[in-house]
Amino acid sequence: MTSSLAHTTRPTGDTKRPFSDRHIGPRATDIEEMLEELGYDSLEALSNAAVPESIQIDGLDFHSGHSEVAVLSELRDIAAKNTTRKQMIGQGYYDTITPAVIRRNLVENPAWYTAYTPYQPEISQGRLEALLNFQQVIQDLTGLDIANASLLDEATAVAEAVLLMRRAVKKGTTVVLDSELHPQTIAVVRARARAMDFRVAVADLSAGLIGEDIFGIVCAQPGTTGAIRTFAEAVDGAHDRGALVTFAADLLALTLLKDPASQGADIAVGSAQRFGVPLFFGGPHAGFMAVKSGLQRQLPGRIVGVSKDAQGKPAYRLALQTREQHIRRQKATSNICTAQALLANVASMYAVYHGPVGLTRIASRVHRLAQAFAAAIDTAPGAEVVTREFFDTVAIRVVNSETARLVADAAGFNIRVIDPTTIGVSFGESHTVTDANALLAALGVTARIETDDFKAAAAGTFGPNTVPEPQFDSALHRTTEFLTHPVFNSHGSETSMMRYLRTLADRDLALDRTMIPLGSCTMKLNAAAEMEAITWPEFANIHPFAPTEQTLGWRELIFRLESALAEITGYDRVSLQPNAGSQGELAGLLAIRSYHVANGEPERTVCLIPQSAHGTNAASAVLAGLQVQVVGTAEDGSVDMADLEAKIEKNGDRLAAIMITYPSTHGVFEPQVREVCDRVHAAGGQVYVDGANLNAMVGLAKPGEFGGDVSHLNLHKTFCIPHGGGGPGVGPVAVRAHLAPYLPGDATSAELVANAEDANNLPISGSMFGSAGVLPISFAYLELMGAEGLREASRVALLGANYIASKLGDIFPPLYSGQNGLVAHETILDLRDMTAKTGVTAEDVAKRLIDYGFHAPTLSFPVPGTLMVEPTESEDKSELDRFIEAMRSIHAEIEAIGTDYSYEESPLAAAPHPATVVMDDWDAKYTREQAVFPVSGLRQTKYFPPVSRIDGAYGDRNLVCSCPPPEAFEENSAADENEDD
């Protein structure tokens, strides 16, 4: 018996074997054994049996895979086509320095970037602490009571804040945006307003507030031209009307500037990018949101809190509450799923490393350099500083902005053209007096900043570092402390920082240690060669609004990646703008909505969503202004065709679309998928095929060819961008030609900023290419794999899932299977009968798997009481067998309930078992060895969770969402030591 592709028979030591053989885990002999278990003689025979014949394709019109050396060389050539400049454009994206200790030990460390969203808290204590630190940074600097653990970018964070104000106030039809908000922010909010049916007014809020029918206002502090202004009259006016107030804030400025809460804000939002996160051509960057007490139940995204484990020790977990939008479905208030956790952790550690003193020093230096630059400009005839009170951005009136930009460019600087006679110069952390003087010279200014004078001016009496007083209204000077917690005042040395990062990483279980068998999340290999290019300066240091001629490399990479994704999916056009899968869903649905409106059918507002669809689908439909109706599930897990037909007939010309996930979230290829598409098309609707499970189809089937009009893809799933503890994500949207005019537009275009309510191409995020900084990963993956490698990866993904389903089917039967009794790339293990008989729940099994060194499968979704397993093609047979052994061992422990112990006395009820627990006095009905070494292989490499089981109840009223005092942990540690004694 041989596998379907010859390269898998190459010996392991052959260094010339294709990269796909490194990406795909099982060796040739493993594949033969797994196929034999299933009764197939080749991978091709297996995939032909699993995938309906009606949707199969012959292959991809795509190149063969290239070597790592060749692809990295190609990426070097592409990167060289970008032109690096001193980036002083600003407009929400600023120059910063990523400390090398953070870059090496966090950004480039698979222990951090391969981790999954911390839904299983016992094995996520390290990244949960890092995210809690992030929340504390945001709370301290904004002065507000509670913050989330990051959003996607500043523009979408403002949009989320507007929606929060709207639903919290419950009256009023208008939000007033400050005219000094970044133009891309105004455009994104206007796009959301069109979908959600509210009005947007733009005004100078520093001049007060006009109008009555208002649910909220958004103030820019500082503004897009750098201006720092007072908003007291507008804030009071909003509160008098019962409206809420949001401030769009700059974290670095807030070390010097009065916090938003003290200025009257109910909500603060912004970007954490300048806390050590590279420009990345627009992203990924961690947006943030903080709210006053009373609004926390409305807060979108994730929140980390401090709870207690089964031993009473402090422990971190996510405070789920209403933020799990897939639970709420058509009642959802946000579709945020992926955050930007990895980038939030970078910002968190930037604050830990620099502390309040270091951050204030950096902010003061940036501010003083901008002030000194402005003072020099004042001496030049024909130039005028527009705004006298600013933090880091100097707006200058000149004769001709474009001329000024060109001379700055020739001198090695990018500056901003605000209007035909106004330029903006934004200073960042790395800029020097030498840089400022060189730019002054380029602009024809003869005055210079004296280096010695600038250094001498660094002393003062303001703030935690005794820096000079800020040069803006003293009423807006910061007077409150921030980052007083010991974590921000203990790791200033690189040695300490390195060890802190290592300590947190060691607490976690990520893909660098074990298979993460999560269904629907596709935790596959993020190869080192794929990751290599993202921190190269020629990619990482490019501003998203840099001139087109400076970004030719980026644009080539993006065009080629879009073209490859179009070929893979069978669609005509692809946009890479959406910076999460949920945002790709929204973009696709907005395209459908715009298409119907353009065709004179605005009444088409009903979106059908099968129960088997992906979790965020309903939430995205709500945000697109559609009405959700759920289609039932047949006994085999597929769409109930009778119910579908009834709902199509019921809605008639109100039908806008159906959203189907294919293969379905039930883990099967539904054979009638073409029929579903045909029926919806016949009724005038569009078909949205959720691409979350595309890993089962690449090279085997194309959604754009079997009936889809639009799909979003998850580059952080199928195309190898790592999950990063919950983000970065990229969710491109792919469409057929008739929907191409409605793909997301450029939020910085003057037309969209002014007229987004009437535009067809509504922007989804602040920059045109979203989280561009991680696109080299997926580009490299496709170049490395080639057509045949991609096809085999899909087939091996099918093989792994079916192998596990077969090997465990006698004890944990698969809930659903498709044609020929096969599953797709994931399988749902049904534990409900076992729970009814023994009391052991699917959650118990998930927690017990930690003792075996595994992250749990997806728990109780999409069916309560089940576990959904997706092994991915990257896991070799030995790891699959290790998982199978663990599950069979756990089953044996379940079988022992009623004879060796009761459920309450079982290792499952007590799982997981930290080392501290098994070191205590032991009186359990099972041995210490069974607790922590239930199978022999664990003796060599054992992961001990740092905490016991954590209460996951939604109603934990004692949850604290800020950094706990260190003595809380010290007291428990001391108690443990005393008990050991």
A.B. asks: Are L590 and I764 packed together at the side-chain level, in the sense that at least one heavy-atom pair is separated by less than 4.5 angstrom?
C.D. replies: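 L590 reaches I764 side chain to side chain.
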A.B. asks: Output the distance between atom CG (N617) and atom NE2 (H712), rounded to the nearest 0.5 Å.
C.D. replies: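 Going from the CG atom of N617 to the NE2 atom of H712 covers 7.5 Å.
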A.B. asks: So, does R604 use its side chain to make a donor-acceptor pair with the main chain of L655 at under 3.5 Å?
C.D. replies: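 At least one qualifying donor-acceptor pair exists.
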A.B. asks: In terms of ring plane angle, is the pair F280 and H285 parallel, tilted or perpendicular, where the classes change at 30° and 60°?
C.D. replies: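 It falls in the parallel class, under 30°.
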A.B. asks: Determine whether I777 and M531 make a side-chain contact, defined as any pair of heavy atoms from C-beta on separated by less than 4.5 Å.
C.D. replies: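 Result yes, sub-4.5 Å side-chain heavy-atom pair found.
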A.B. asks: Compare all side-chain heavy atoms of L822 with those of L798 and state whether any distance is below 4.5 angstrom.
C.D. replies: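 They are not in contact (no side-chain heavy atoms under 4.5 Å apart), so the answer is no.
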A.B. asks: Side chains of V869 and F883, heavy atoms from C-beta outward: is any pair under 4.5 Å?
C.D. replies: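 With C-beta onward as the side chain, the pair touches.
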A.B. asks: So, for L511 and E875, which heavy atoms are closest and what is the spacing to 0.1 Å?
C.D. replies: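 L511 and E875 have their closest heavy atoms at CD1-OE2, 4.0 Å.
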A.B. asks: Kindly give the heavy-atom pair with the smallest separation between Y116 and L518, and that separation in Å.
C.D. replies: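 Heavy atoms only, the tightest pair is CD2-CD1, 3.1 Å.
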A.B. asks: With heavy-atom distances below 4.5 Å as the criterion, would you say the side chains of V774 and V730 are in contact?
C.D. replies: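 Sidechains of V730 and V774: in contact.
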A.B. asks: Drop me the distance from I804's CD1 to N802's CG, to the nearest 0.5 angstrom.
C.D. replies: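 Rounded to the nearest 0.5 Å, the CD1-CG separation comes out at 10.0 Å.
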A.B. asks: Quick one: do R302 and T117 satisfy side-chain contact (heavy atoms from CB on, under 4.5 Å)? Show the steps, please.
C.D. replies: CA-CA 10 Å; R302 305 181 189 124; T117 307; 3.5 Å; yes
A.B. asks: What distance separates I24 CD1 from S874 OG, expressed to the nearest 0.5 Å?
C.D. replies: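 The CD1 atom of I24 sits 8.0 Å away from the OG atom of S874.
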A.B. asks: Are Q686 and L739 packed together at the side-chain level, in the sense that at least one heavy-atom pair is separated by less than 4.5 angstrom?
C.D. replies: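 Answer yes - side chains close enough.
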A.B. asks: Considering only heavy atoms from C-beta outward, does the side chain of H855 approach that of M523 to under 4.5 Å?
C.D. replies: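 The answer is no, as the side chains (C-beta and beyond) never meet within the 4.5 Å cut-off.
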A.B. asks: Treating D690 as the side-chain partner and A692 as the backbone partner, does any N or O pair qualify as donor plus acceptor under 3.5 Å?
C.D. replies: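 Answer holds: yes.
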A.B. asks: Could you check S520 against E870 for side chain to side chain donor-acceptor pair (under 3.5 Å), going step by step and ending with a plain yes or no?
C.D. replies: CA-CA 7 Å; S520 195; E870 181 180 352; 5.9 Å; no
A.B. asks: Tell me if a side-chain donor or acceptor on S794 pairs with a main-chain N or O of V698 at a distance below 3.5 Å.
C.D. replies: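 Here the side-chain-to-backbone pair exists.
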A.B. asks: For the atom pair OG (S771) and CG (L576), what is the distance rounded to the nearest 0.5 Å?
C.D. replies: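 With rounding to 0.5 Å, OG (S771) is 10.5 Å from CG (L576).
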A.B. asks: Of the non-hydrogen atoms in P610 and I660, which two are nearest, and what is the gap between them?
C.D. replies: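 Nearest heavy atoms, P610 then I660: CG-CG2, 3.9 Å.
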A.B. asks: Do any N or O atoms from the side chain of D709 and from the backbone of V687 form a donor-acceptor pair under 3.5 angstrom?
C.D. replies: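 Flag set: sc D709 to bb V687 pair under 3.5 Å.
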A.B. asks: Could you check whether any side-chain N or O of H666 sits under 3.5 Å from a backbone N or O of G637, counting only pairs where one atom can act as donor and the other as acceptor?
C.D. replies: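 Such a contact is found between H666 side chain and G637 backbone.
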A.B. asks: With a 3.5 Å distance limit and no angle check, can you tell me whether R791 reaches the backbone of D58 through a side-chain donor-acceptor pair?
C.D. replies: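 Yes, because the side chain of R791 sits within donor-acceptor range (under 3.5 Å) of the backbone of D58.
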A.B. asks: Would you confirm whether D640, through its side chain, and G632, through its main-chain N or O, come within 3.5 Å as a donor-acceptor pair?
C.D. replies: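 It does not hold such a pair.
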A.B. asks: Short question: side chain of N526, backbone of C720 - any donor-acceptor pair under 3.5 Å?
C.D. replies: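 Looks like yes, one N/O pair under 3.5 Å.
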A.B. asks: Could you tell me whether the side chain of T522 and the main chain of K717 form a donor-acceptor pair under 3.5 Å?
C.D. replies: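 Checked: no pair found.
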A.B. asks: Could you go through the side-chain contact (heavy atoms from CB on, under 4.5 Å) check for L715 and L565 one step at a time?
C.D. replies: CA-CA 10 Å; L715 299 194; L565 295 174; 4.1 Å; yes
A.B. asks: Any chance you could measure E783, atom CD, to L557, atom CG, to the nearest 0.5 Å?
C.D. replies: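 If we round to the nearest 0.5 Å, E783:CD and L557:CG are 9.0 Å apart.
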A.B. asks: Which atom names give the shortest non-hydrogen contact between S817 and V668, and what distance separates them?
C.D. replies: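 For S817 versus V668, the nearest heavy atoms are C-CG1, 3.4 Å.
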A.B. asks: Charged N to carboxylate O below 4.0 Å: is that the case for E873 and R795?
C.D. replies: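 Not counted as a salt bridge, because no side-chain N and carboxylate O are separated by less than 4.0 Å.
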A.B. asks: Check S594 against N760 and note the closest heavy-atom contact, atom names and distance.
C.D. replies: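 What the structure gives for the nearest pair is OG-O, 3.6 Å.
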A.B. asks: Determine whether the side chains of E792 and S20 contain a donor N or O and an acceptor N or O closer than 3.5 Å.
C.D. replies: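 Distance-only check fails for E792 and S20.
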A.B. asks: Does the T872 side chain pair with the main chain of K524, one donor and one acceptor, at a distance under 3.5 Å?
C.D. replies: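 No: the side chain of T872 does not pair with the backbone of K524.
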A.B. asks: Starting from the C-alpha separation in whole Å, work towards a yes-or-no answer on side-chain contact (heavy atoms from CB on, under 4.5 Å) for M868 and T665.
C.D. replies: CA-CA 9 Å; M868 184 161 59; T665 305; 4.1 Å; yes
A.B. asks: Less than 4.5 Å apart, side chain to side chain, heavy atoms only: is that true for V710 and V733?
C.D. replies: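 Answer yes - side chains close enough.
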A.B. asks: Quick one: CG on N579 to CG on L152, what's the gap to the nearest 0.5 Å?
C.D. replies: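 Here the interatomic distance stands at 4.5 Å.
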A.B. asks: Determine whether the side chains of T156 and Q583 contain a donor N or O and an acceptor N or O closer than 3.5 Å.
C.D. replies: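 T156 vs Q583: no donor-acceptor pair found between side chains.
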A.B. asks: Just one of Y816, Y662, F706 clears the ring-ring contact (aromatic ring centres under 6.0 Å, His included) bar with F669, so which one?
C.D. replies: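 Single pass found, and it is Y662.
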A.B. asks: Do E530 and H23 have side-chain N/O donor and acceptor atoms under 3.5 Å apart?
C.D. replies: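 Per modelled atom types, E530 and H23 side chains form no pair under 3.5 Å.
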A.B. asks: Looking only at non-hydrogen atoms, find the nearest pair between E603 and D653 and report the distance.
C.D. replies: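 The answer is CG-O, 3.5 Å.
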A.B. asks: Test I609 against Q629 for side-chain contact (heavy atoms from CB on, under 4.5 Å), laying out the working first.
C.D. replies: CA-CA 6 Å; I609 301 182; Q629 293 185 21; over 6 Å; no
A.B. asks: Does the side chain of S150 pick up a donor-acceptor pair with the side chain of Q340 at under 3.5 Å?
C.D. replies: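 No, no side-chain donor-acceptor pair sits under 3.5 Å.
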